Amino acid sequence: GENVEQHPSTLSVQEGDSAVIKCTYSDSASNYFPWYKQELGKRPQLIIDIRSNVGEKKDQRIAVTLNKTAKHFSLHITETQPEDSAVYFCAARREYGNKLVFGAGTILRVKS
Amino acid sequence: NAGVTQTPKFQVLKTGQSMTLQCAQDMNHNSMYWYRQDPGMGLRLIYYSASEGTTDKGEVPNGYNVSRLNKREFSLRLESAAPSQTSVYFCASSAGFSEGTEAFFGQGTRLTVV
């Protein structure tokens, strides 16, 4: 089955710096890769996603890149702000079967 | 539009007791999921239902059972609760792949087994 590994487990950056979180997946049939943000005590919410027919996607300060050959994808946050502090999860899903598997999460702390 | 609704929000059980966590979605989604969240372990998939009438095991199914009652509802049952099942449980739902794939989460159930 699918296995998703996420690194680092914790990340501290200074306000205004960039943050990068990386994930690898094991199932070559996975073709949908979302990223979720979870604030303390709240439910996870989608912030950006990418399908396997696309190599990169941007939404304002957030971008995701995908390398299908190496089976890894990354989340990039530029110009970090204190409100970016949260836990971030990557995930992978096959088109058929709809099984959605998450990584272990990254605690991002943005210091002001 | 409520999205995904879980009940209860909090529960304390004694070891050996049973309970059912309820989940309902009003977005006409085909797929539904149950996850547990433990510190440092992320969101681990317990069971999922790709469509009405089907259920499949996830990464950590032992000690749990599920029922996809209809398209809206997907329940999770603990037959004999154990302290190791103390966790926060999230239900989620998503549409079919071709229709949009975002998974929406419920607000979570904090379960403590003593």
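The sequence lines fix the lettering, A, B, ..., with proteins before strands; numbering per chain opens at 1. A quick note: this is a predicted structure, and the numbers were derived from the prediction, not measured.
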Counting a contact as any heavy-atom pair under 4.5 Å apart, which residues of residues 16-25 of chain A contact chain B?
none
Using a 4.5 Å heavy-atom cutoff, which residues in residues 33-47 of chain A come close to chain B?
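Answer by number: A:Y36, A:Q38, A:K42, A:R43, A:P44, A:L46.
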Answer yes or no: are there more than 12 heavy-atom neighbours, outside [X] itself, under 6.0 Å from its atom [atom1]?
X	atom1	answer
A:Q60	CD	no
B:R110	CZ	no
B:E79	CD	yes
A:R109	CZ	no
A:K68	NZ	no

Joint cluster assignment, [X] & [Y], ILVMFWY side-chain distance < 4.5 Å:
X	Y	answer
B:L76	B:L69	no
A:V4	A:Y32	no
A:L108	A:I48	yes
A:V87	A:V13	no
B:L13	B:W34	yes

Closest heavy-atom contact between B:S94 and A:R93?
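Distance-wise, the nearest heavy atoms are OG-NH1, 3.0 Å.
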Minimum heavy-atom separation for A:L100 to B:L45, with atom names?
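Shortest heavy-atom contact: O-CD2, 3.9 Å.
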Counting heavy-atom pairs under 4.5 Å with chain B, the top scorer among A:A104, A:G103, A:G105, A:A91 is A:A104
Mind checking the CZ-OH spacing from A:F102 to B:Y33? Nearest 0.5 Å is all I need.
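With rounding to 0.5 Å, CZ (A:F102) is 9.0 Å from OH (B:Y33).
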Which region of [X], side chain (C-beta onward) or backbone (N, CA, C, O), has a non-hydrogen atom less than 4.5 Å from a non-hydrogen atom of chain A, or is it both or neither?
X	value
B:V4	backbone
B:F90	side chain
B:L43	both

What verdict does the side-chain contact (heavy atoms from CB on, under 4.5 Å) test give for B:D56 and A:K99, after you've listed the backbone C-alpha separation in whole Å, the side-chain angles of each residue and the deciding distance to 0.1 Å?
CA-CA 9 Å; B:D56 287 287; A:K99 184 178 180 180; over 6 Å; no
